[in-house]
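Keep in mind that this is a model prediction, so the values were computed, not measured.
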Amino acid sequence: MKTDVFACAAIALACCAGLLAGCTNRTTDKPMETLQLTRAWDKTFPESDRVDHRKVTFRNRFGVTLAADLYTPRAAAGRLPAIAVSGPFGAVKEQASGLYAQTLAERGFLALAFDPSFTGESGGEPRHVASPDFATEDFGAAVDFLATLDGADPKRIGIVGICGWGGFAINAAAADTRIKATVAATMYDISRCTANGYFDATDAADARHALRRQLNAQRTEDYRNGAYAPAGGVVDPLPDDAPQFVKDYHAYYKTPRGYHERSLNSNNGWNRTSALAFLNAPILAYSDEIRSAVLLVHGEKAHSRYFSEDAFERLTGDNKELLLVPGASHVDLYDNPEAIPFDRIEAFFREHLK
């Protein structure tokens, strides 16, 4: 007997959610959270005179209201290809993602840079929580917004994820068939890094068990204290023996070049126990099933380069590409105009958002 997968899914969802007769409360019935949004230009990059900019809000499937900056090319006409941008992991929309969005708008795209759930100007409690399901859903919510926005073409939507959000972007592309093209810039696989350490140096069950014990003890302590302990942002001051990539992070997040008062990496970081969510959730598990176009961009000299190389090996089809930028570090692809290959990124979106 054939199984109706849709019926099974509906039954499973009903059982898991505990939906009972007479229970009519839905997230969409509730008003959107009112966010306090700054109206001043407080970005880490200069404002373009070729782009119109405005603040917008939208809600994800979990009921969290997200804050975003919408960049529109001046003299734009008709429905434009639209791109949602987020990242790096621990950054806000006033940093690298805003720079990418504004630059793409200068090149003719409608671009949205958003703050993830629980961070920046976006809503959600408790603050500074990171979770792979929320991060992936935030991209889906951005697509919801763009697909219903006047001036955006719902059939030509792409996404850009930077650093850790490059991994979430690939996960979103695996789940969301509305996404026609994905760029993952200087990508991190946060799940892999959390579970295995850098370069998989601690990829062992005992090491993960020890980390789980530590994090669950922190949960107890947090509950007792009524507050969540932060993991700390980028180390400051720098120790003399800091690796070069840590020095690169410091040069971005802890100096006027990239510091922002709402950025987690610039300040106290994510909640420590956020790492628990990533230990059991490999975000690239279904990346080999992505049928839409994917461009991975990474610095040749980046410590994180292996994330993109390994992710590329899992991708299938003839519309996938890995671009290594000669001489570039991980952080160069945050804000270095000489390193970020915007010409290639634009051409990629032109080809696949048509």
Side-chain angles (χ1 to χ4, degrees), residues 41 43-58 66-88 91-115 138-163 165-166 168-170 172-173 176-187 292-297 319 321 323 333-337 339-354:
W41 183 269
K43 324 298 187 196
T44 60
F45 51 91
E47 186 173 9
S48 172
D49 60 4
R50 297 160 51 196
V51 170
D52 290 323
H53 158 266
R54 64 185 173 98
K55 296 277 191 174
V56 297
T57 59
F58 55 95
L66 303 183
D69 289 306
L70 182 66
Y71 297 88
T72 307
R74 290 194 175 166
R79 290 188 174 271
L80 301 178
I83 300 169
V85 190
S86 197
V92 288
K93 65 187 181 303
E94 289 76 20
Q95 295 171 305
S97 62
L99 173 63
Y100 272 68
Q102 180 174 261
T103 304
L104 287 168
E106 288 178 328
R107 292 166 177 256
F109 299 93
L110 193 155
L112 181 80
F114 65 88
D115 282 333
D138 287 347
F139 266 124
V143 174
D144 293 339
F145 176 80
L146 292 174
T148 57
L149 180 68
D150 288 344
D153 186 340
K155 296 181 179 180
R156 294 188 292 166
I157 295 177
I159 60 174
V160 175
I162 307 166
C163 184
W165 280 80
F168 303 140
I170 292 174
D176 195 332
T177 56
R178 299 171 300 172
I179 298 169
K180 303 306 181 186
T182 299
V183 171
T186 197
M187 190 204 88
S292 56
V294 178
L295 171 63
L296 294 157
V297 181
N319 56 355
E321 179 183 350
L323 173 62
L333 296 187
Y334 286 7
D335 68 336
N336 183 347
I340 303 172
F342 279 121
D343 288 345
R344 178 66 195 107
I345 292 172
E346 177 187 354
F348 171 79
F349 281 126
R350 293 283 176 211
E351 179 182 358
H352 296 288
L353 299 182
K354 61 183 180 181

Does the cation-pi check pass for Arg156 over Phe109, that is, NZ or CZ under 6.0 Å from the six-membered ring centre and within 45° of its axis? no

If you take all heavy atoms of Ala169 and Ile159, which pair is closest and at what distance? O-CD1, 3.5 Å

How close do Ala67 and Thr57 get, counting heavy atoms only, and between which atoms? CA-CG2, 4.4 Å

Write down the atom of Leu99, the atom of Asp335, and the distance for their closest heavy-atom approach. CD2-CA, 3.6 Å

If you define the side chain from C-beta out and look only at heavy atoms, does anything of Phe349 sit under 4.5 Å from Val160? yes

Could you tabulate the donor-acceptor pairs under 3.5 Å formed by side-chain atoms of residues 139-147, not counting sequence neighbours?
residue: Asp144; atom: OD1; partner: Arg178; partner atom: NH1; Å: 2.7
residue: Asp144; atom: OD1; partner: Arg178; partner atom: NH2; Å: 3.0

Provide the closest heavy-atom pair for Ala339 versus Leu333 in the form atom of the first, atom of the second, distance. O-CD2, 3.6 Å

Please find the pair of heavy atoms, one from Gly166 and one from Met187, that lie closest to each other, and give the distance. C-CG, 3.5 Å

What is the distance from atom NE2 of His352 to atom CG of Leu295, rounded to the nearest 0.5 Å? 8.5 Å

What residue pairs, at least two apart or across chains, pass salt bridge (Lys or Arg N to Asp or Glu O under 4.0 Å) with a residue in residues 72-87? Asp52-Arg74

Has Glu351 got a side-chain atom pairing as donor or acceptor with Phe348's backbone, closer than 3.5 angstrom? no

Is there side-chain contact between Phe58 and Leu112, with heavy atoms separated by less than 4.5 Å? yes

When rounded to the nearest 0.5 Å, the distance separating CD1 of Ile157 from OG of Ser292 is 12.0 Å

So, the side chain of Ser86 versus the backbone of Phe114: is there a donor-acceptor pair under 3.5 Å, distance only? yes

What residues form a side-chain contact (heavy atoms from CB on, under 4.5 Å) with Ala96, not counting sequence neighbours? Pro88, Ile162, Tyr252, Tyr334

Measuring from atom CD1 of Ile179 to atom CD1 of Ile170, what distance do you get when rounded to the nearest 0.5 angstrom? 11.5 Å

For His53, the ring-ring contact (aromatic ring centres under 6.0 Å, His included) test, sequence neighbours excluded, returns Trp41, Tyr71

Holding to side-chain contact (heavy atoms from CB on, under 4.5 Å), I want the full list of residues that pass it with Lys155, two or more places apart in sequence or in another chain. Asp153

On a heavy-atom basis, which atom in Pro73 and which in Leu80 lie closest, and how many Å separate them? CD-CD1, 3.8 Å

Flag the pair Ile83 / Leu353 as yes when at least one side-chain heavy-atom distance between them is below 4.5 Å, and no otherwise. yes

Test: side chain to side chain donor-acceptor pair (under 3.5 Å). Region: residues 105-115. Which pairs qualify, not counting sequence neighbours? Ser48-Glu106, Lys93-Asp115, Arg107-Asp343, Arg107-Glu346

Quick one: does any side-chain atom of Glu321 pair with a main-chain N or O of Ala293 as donor and acceptor, under 3.5 Å? no

Determine whether Leu323 and Ile345 make a side-chain contact, defined as any pair of heavy atoms from C-beta on separated by less than 4.5 Å. no

What's the spacing between Gln102 CD and Glu47 CD if we round to 0.5 Å? 7.0 Å

Under a 4.5 Å cut-off applied to non-hydrogen side-chain atoms, are Val56 and Leu149 in contact? no

